[in-house]
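Everything on this sheet refers to the single structure shown next.
Lettering follows sequence order; numbering is per chain, from 1.
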There are 2 protein chains.
Amino acid sequence: MATPDRPGFALPLLLLAGFRTLIDDLHAELARQGHPELRPAHGFVLQAVGVDGTTASELGQRLGVSKQAAGKTVDRLVALGYLERADDLADARRKLVRVTERGLDGLRRSAVVFDELRDRWAATLGPERVAALEDDLRTVASANFFRLDVPGWFGG
Amino acid sequence: MATPDRPGFALPLLLLAGFRTLIDDLHAELARQGHPELRPAHGFVLQAVGVDGTTASELGQRLGVSKQAAGKTVDRLVALGYLERADDLADARRKLVRVTERGLDGLRRSAVVFDELRDRWAATLGPERVAALEDDLRTVASANFFRLDVPGWFGG
DNA sequence: ACTATTTGGTCAACCACGTTGACTACCCTA
DNA sequence: TAGGGTAGTCAACGTGGTTGACCAAATAGT
């Protein structure tokens, strides 16, 4: 083998596989529960919009993409009924983006499914090792300045 | 907060953030080392092609995408000089896809950078916790039938 | 040996998701 | 009131994926 069988290669592959499995399982379950159009990226967008709502520009900043990209994503999610737009009474330039009741339903169901998936990991690994895994990732995150503090992602 | 602040939400976010940080750091370094056009997806494609080469159809199967998508990705990587096509002497339908010397260079440098990044994680976390983290992810992987055994990904 | 089927590659149309650049409408401040 | 920054949108484009259709070559089954 030319080069890839080095220790460092395992880490990104395992992180990606773990993430993808979680997300794939989530969306298979969400499809069963009445949200077949919800795609992996949408969850992060709904999270980033948050219960207080936001604007396309701010959403772009939160997600690390351009305001144009954020605007197009909002368009799609509005078309699917997960987001809605409203005028800002105080500033006629701004258009508020809010999560609809359907969007909240998807978010709620995601939370439940994620909890169940985490329980399944805990059943295999043991609860303390799952917690240790999260702690370790969080440690690396803070050491390397991950962007985990994005507003709206965890509960802002 | 509506729903997201539940324990299960932390896991996917941490896995994604960890993966993205690793990949972002890798490509920043690769850009510095003469591979600015190499995008995150390309590494997986080069890995999947492997030193023995393959065909577009087989590549699609390995990556879990259609043969058309694989073909277009090969087109782009051929244009960038990372892959090359050749006729199959034994089967006139097949077109062999092979990694070029430039492709191998990118793969080799990726391996080195990944090793260095893993060392940085080990410096923060301690080597035994990085190993434990990998073990845990591997355990969950085998329990949940991850697709880590994709040919070419680890060194097939 | 000759059909019939499977397989590999490609073309076309389309969609999701991102980019930059240009432009309008609006707010704010000197 | 004139200027500058900000919010949103439009257009053009790139990338990475999808389906469906199609042809040519290999293979299987009489």
May I have the distance from [X] (atom [atom1]) to [N] (atom [atom2]), rounded to whole angstrom?
{"X": "K67(A)", "N": "dC26(C)", "atom1": "NZ", "atom2": "C1'", "result": "12 Å"}
{"X": "L77(B)", "N": "dT15(D)", "atom1": "CG", "atom2": "C1'", "result": "11 Å"}
{"X": "D87(A)", "N": "dT9(D)", "atom1": "CG", "atom2": "P", "result": "10 Å"}
{"X": "L38(A)", "N": "dC17(C)", "atom1": "CG", "atom2": "C1'", "result": "16 Å"}
{"X": "L83(B)", "N": "dG9(C)", "atom1": "CG", "atom2": "C1'", "result": "16 Å"}
{"X": "E37(A)", "N": "dC15(C)", "atom1": "CD", "atom2": "C1'", "result": "15 Å"}
{"X": "R94(A)", "N": "dT6(D)", "atom1": "CZ", "atom2": "C1'", "result": "10 Å"}
{"X": "R76(A)", "N": "dT9(D)", "atom1": "CZ", "atom2": "P", "result": "14 Å"}

With the threshold set at 4.0 Å, does a side-chain nitrogen-carboxylate oxygen contact exist between [X] and [Y]?
{"X": "E134(B)", "Y": "R118(B)", "answer": "yes"}
{"X": "E37(B)", "Y": "R102(B)", "answer": "yes"}
{"X": "E58(B)", "Y": "R62(B)", "answer": "yes"}

Between the base of [N] and the side chain of [X], is there a donor-acceptor distance below 3.5 Å?
{"X": "K72(A)", "N": "dG18(C)", "value": "yes"}
{"X": "K95(A)", "N": "dG8(D)", "value": "no"}
{"X": "R93(A)", "N": "dT6(D)", "value": "yes"}

Think [X] has a side-chain N or O under 4.0 angstrom from the OP1 or OP2 of [N]?
{"X": "S57(A)", "N": "dG8(D)", "value": "yes"}
{"X": "T73(B)", "N": "dT15(D)", "value": "no"}
{"X": "R39(A)", "N": "dT18(D)", "value": "no"}

Practice prompt. Could you tell me whether F19(A) and F19(B) have their ring centroids closer than 6.0 angstrom?
Written response: no
Worksheet item: Considering heavy-atom distances to DNA chain C, does H42(A) or A90(A) have its closest nucleotide positioned more toward the 5' end?
Response: H42(A)
Worksheet entry | Nucleotide nearest R85(B) when distance is taken to its side chain, options dT9(D), dG17(D), dT10(C) | dT10(C)
Under 4.0 Å, counting only non-hydrogen atoms across every strand here, what does [X] touch: a base, just sugar-phosphate, or nothing?
{"X": "A56(A)", "answer": "sugar-phosphate"}
{"X": "S66(A)", "answer": "base"}
{"X": "Q68(A)", "answer": "base"}
{"X": "A92(B)", "answer": "sugar-phosphate"}

Discussion item. Could you report the tightest heavy-atom contact between F44(B) and L63(B), atom names first, then the distance?
Written reply: O-CD2, 4.0 Å
